[in-house]
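Here's the structure we're looking at; comments come further down.
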Amino acid sequence: MAEHRYEPREIEQRWQNVWAQEHTWEVANEGTDQDRAELTGHAALEQNSYVLEMLPYPSGEPHIGHLKTYSVGDAIAHFHRRLGRRVLHPMGYDSFGLPAENHAIKTGVHPRVSIAESIDSFRRQFHSWGISIDWSREFATSEPSYYRWTQWIFLELFRAGLAYRKEAAVKWCPNDQTVLANEQVDAEGRCERCGCLVEVRQLEQWFLRITDYAERLLNDLDGIDWPQHVKTMQRNWIGRSEGAEVIFRSEEVGIDYPVFTTRPDTLFGATFFVMAPEHPDVLRLARGTPQEQAVHDYVNHALTETNEERGNAERPKTGVPLGRTVVNPVNGEQLPMFVADYVLMEYGTGAIMAVPAHDERDHAFAKAYGLPIRQVIAPRPATDGEPAQLPADAEELPYTGDGVIVNSHPDFDGMDNRRALGEIVAWLDREGKGHASVNYRLRDWLVSRQRYWGCPIPIVYCERCGVAPVPEEELPVRLPDIEDYTPKGRSPLAAAEEWVNTTCPTCGGPARRETDTMDTFVDSSWYFLRYCDPHDEQAAWDPAALREWMPVDQYIGGVEHAILHLMYARFFTKALADLGHLDFQEPFQALFTQGMVTKDGSKMSKSKGNVVSPAAIVERVGADTARCYILFVGPPDQDADWSDEGVEGVHRFLGRLWRLAAETADRAGGPAAGLTQPTASDGADLALLRKTHWAIDKVSGDLRRFAFNTAIAAVMELLNEASRLRDSASLQAMRFALGTAASLLFPFAPHVSADAYDRLTGERVWEQPWPEAEEALLERDVYELVCQVNGKVRDRVQASVDASPEALKELCRAAPNVRAHVDGRELVKEVVVPGKLVNLVVR
RNA sequence: GCCCCUGUAGCUCAAGUGGAUAGAGCGCCGUGCCUUCUAAGCCGGGGGUUGCUGGUUCGAGUCCAGCCGGGGGCACCA
């Protein structure tokens, strides 16, 4: 018998060639393709499935995280195909963005060039991993044929009033020399890209009106199959608060100041009023009062502070009086006004009513400035029927919990505060002094970037006509080549004079182009739509193509995009649906977020020198081992630590599987047509057959719930069983077990599985339907019944699966060792779990 | 501070709605087999008070409560 050596390099190359030459993983659009007639025969039976991994940012080479993402996605894609579905599994590149531009600044190489190199490297490696991609749909978002439609979408949003320009205090990264979206600034006020402290600047910028969609973005989370924690993160980010808007009037200046509060039940406890330093009226209010200079100084100081300094809740509260008052609408009291930096301009109305007895921040401020503190909520009575507790001691304030209204107004005193809340709002509404209101933390999406390598914003500015959209037939507005990429606080595009100077589409007069580019998250907010119809030159997509594939059935990616990309893509989908371009509301029906791959417990990074390169691993042990290992190392939704020993273990497993299959095929005299199940009634064949069906059942279930690690472990168990029984089981039983093992492993290790299956059967495993477990073989007709006495195992006996509970009790009572423990004692209870055990409880 | 996840063998993970003697892989051990030797391969073996304390139950890794440890999200959001 010939020696068999597992040679992944040879095997993987061979099967990759087959797939490439035969375009195995390409799918046509039925609605638009001439293949349609051919396909209709199956169409009724087949279901379409869109499996998508988040598109990679092509920078350098793929890293181990990419290997994990695409190993997960490919397993799903293969599984769906083998279940008989037509699967769309495309690939593209998110190729605009800062890394390529920063590289250009350093080296002078045009981003287009470095991106192309990187894309080549990604494409080569994806091929070498054997990922089943429909390469006919590939594109990069920096190609004019793509960004032309990004610009078209921008103009659609502009026409609908969802893209607008406004001056606002925005986040500015001094290192990258550009503004950022709120989502791109972390909790410490640092740029998520470069980590430097973000500054605040007052600039006129383009925004997308995502806040219009806050409520729907929140509510529609209920209808999608996403991980709970991602939904929670989006809910937190949207930050919906219910409360009321209440109007406080300043009689002195004759202006109404609305405030947002979640606690209108505490209105009677308001003792002062605070405005944010950025509030446009602050300086005006102080003008002419003795406070004018102090307010001026305070505001100037506040505006120069960083987000980090401002955001620190621990530091002492500061502020200065404005020298003015407002009227509390519920009781007519005059409340002194202050400016203080603990009030944020971006949230609510930029002004608050302060209730020091029931809000920690207001309490701290009142303590610091000696302001009155009036308690209006008392903690609940200790028991029903007793009167409310006396107001808590001053030391116990602020009290932020629920309770009973006190000290407010005869209409409300003694009332449950939650009930009073509703009644007070209703009263305000009747009086025209306020109304119920909902506030969101979410702000509009700032999409302007003062950088070169991005999608140009298709807008021109005309001295006569103002802001004018570039006409659709002039799209794309192409990104011009420039000499100097260095950012200088304005877009490098501004230096391309010839490009900037243009004519107004409306009046034909001189005009200037918008020189900012779009945030790259705009590019990735619709790419999944383009895959459905990637070569369309007449439109961003053909609606028929979208009907065929969208929404994405299974989306896969890192949890780091839980808010950014995943929220923006949902917003785009809803906005485009409202504009009549889509007929669905959510882009990603199901989401799977995979965990990070770490080395020695910490994130891989070049500076730590602990980077594991997928290319090197694949070179050494093959793609199948690399892919299998990364799925086997742990539950794929959790972080996993890379271990080279673990890789070796998986490599040996694949080798054992392949060798045993090759050897079995040899013994059987070469490949036989197909995989036939042996008939076995007892002995090794039956044991192996049962294990095989157990594995089918286990792997199928595990694949449905993304438990790839346990699915692979099940195939390992099957192989171990086959290996143990290699000399006692029949050749046919061995062929069936090993062929099934290869078939089950195919989604994770496609090359070695295809090869082993081919040797055993002469057939292509990916063309075979997914195996089905036979119920009859999963269960036995007799089993070992566990006999317990007082919950302890005392004996076990053979029982028939269809024995009645009565018969099982009888069997148990008759078991010798059970009798020894039961005789002479009183039988109190009998617990029967058919198929498992009988438990006799005695005293 | 608030919310969520998590704790099982040396390591990474399993144990559908509570049910048996808690299982895999890696690592470890073997004066076990095969090899001239090593490696590879094969075979065998040890290893667990399921973080702790109580509770519910005939029965708890699984359910409940409280502590302890690890991770994540949000946070001056009115």
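So that the names make sense, note that chain A is the first sequence line, chain B the second, and so on, each numbered from 1. Below, each value reflects all heavy atoms present in this structure, side chains not excepted, and no hydrogens, waters or symmetry copies.
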Base, sugar-phosphate alone, or nothing: which one does [X] contact when heavy atoms must sit under 4.0 Å apart?
X: A/F632; value: sugar-phosphate
X: A/D362; value: nothing
X: A/N439; value: nothing

For the side chain of [X], starting at C-beta, report the closest nucleotide among [options].
X: A/I352; options: B/A78, B/C42, B/C58; answer: B/A78
X: A/R361; options: B/C77, B/A40, B/G19; answer: B/C77
X: A/S241; options: B/C43, B/A24, B/A78; answer: B/A78
X: A/N236; options: B/C76, B/G19, B/G73; answer: B/G73
X: A/A713; options: B/A78, B/C77, B/A24; answer: B/A24
X: A/V633; options: B/C58, B/U12, B/A14; answer: B/U12
X: A/R652; options: B/G41, B/C74, B/A78; answer: B/G41
X: A/M233; options: B/C74, B/C58, B/G73; answer: B/G73
X: A/V343; options: B/A78, B/G25, B/C42; answer: B/A78
X: A/R656; options: B/C76, B/G41, B/A78; answer: B/G41

Figure out the [atom1]/[atom2] separation between [X] and [N], and round it to whole Å.
X: A/M596; N: B/G72; atom1: CE; atom2: C1'; result: 11 Å
X: A/L657; N: B/G25; atom1: CG; atom2: P; result: 14 Å
X: A/R704; N: B/G16; atom1: CZ; atom2: P; result: 18 Å
X: A/D702; N: B/C13; atom1: CG; atom2: P; result: 16 Å
X: A/Q228; N: B/U6; atom1: CD; atom2: C1'; result: 16 Å
X: A/E717; N: B/A22; atom1: CD; atom2: C1'; result: 13 Å
X: A/E830; N: B/G19; atom1: CD; atom2: C1'; result: 17 Å
X: A/Y342; N: B/A75; atom1: OH; atom2: C1'; result: 16 Å

Distance between [atom1] atoms of [N] and [M] (Å, rounded):
N: B/G27; M: B/C11; atom1: C1'; value: 7 Å
N: B/U35; M: B/G41; atom1: C1'; value: 10 Å
N: B/G45; M: B/C37; atom1: P; value: 26 Å
N: B/G48; M: B/C28; atom1: C1'; value: 16 Å
N: B/G71; M: B/G18; atom1: P; value: 32 Å
N: B/C63; M: B/A20; atom1: P; value: 15 Å
N: B/G23; M: B/A9; atom1: P; value: 14 Å
N: B/A22; M: B/A15; atom1: C1'; value: 7 Å

Any strand is fair game: report the nucleotide pairing with [N] by Watson-Crick or G-U wobble, both distances under 3.5 Å, or none.
N: B/A65; answer: B/U53
N: B/G23; answer: B/C13
N: B/C37; answer: none
N: B/G1; answer: B/C74

Considering only NZ, NE, NH1 and NH2 on the basic side and carboxylate oxygens on the acidic side, decide whether [X] and [Y] come within less than 4.0 Å.
X: A/D624; Y: A/R627; value: no
X: A/R235; Y: A/D222; value: yes
X: A/D402; Y: A/R418; value: yes
X: A/R656; Y: A/E663; value: no

Practice item. Check whether any side-chain heavy atom of A/V246 lies under 4.5 Å from a side-chain heavy atom of A/F260, and answer yes or no. Key: no

Exercise for review: Please evaluate the base of B/C77 for a donor-acceptor partner in the side chain of A/R443 within a cut-off of under 3.5 Å?
Suggested key: yes

Exercise for review: Find which nucleotide of RNA chain B each of A/P316 and A/A714 is nearest to by heavy atoms, and output the residue with the more 5' nucleotide.
Suggested key: A/A714

**Study point:** Most 5' of A/T232 and A/Y347 on RNA chain B, judged by nearest nucleotide
**Key:** A/T232

Review point. Is the number of heavy atoms from other residues, nucleotides or ligands within 6.0 Å of CD (A/E360) greater than 12?
Key: no

Review point. Cationic tip of A/K317 within the cone over A/Y342's six-membered ring, i.e. under 6.0 Å and within 45° of the normal?
Key: yes

**Study point:** Distance-only donor-acceptor check, side chains A/S71 and A/Y629, under 3.5 Å
**Key:** no

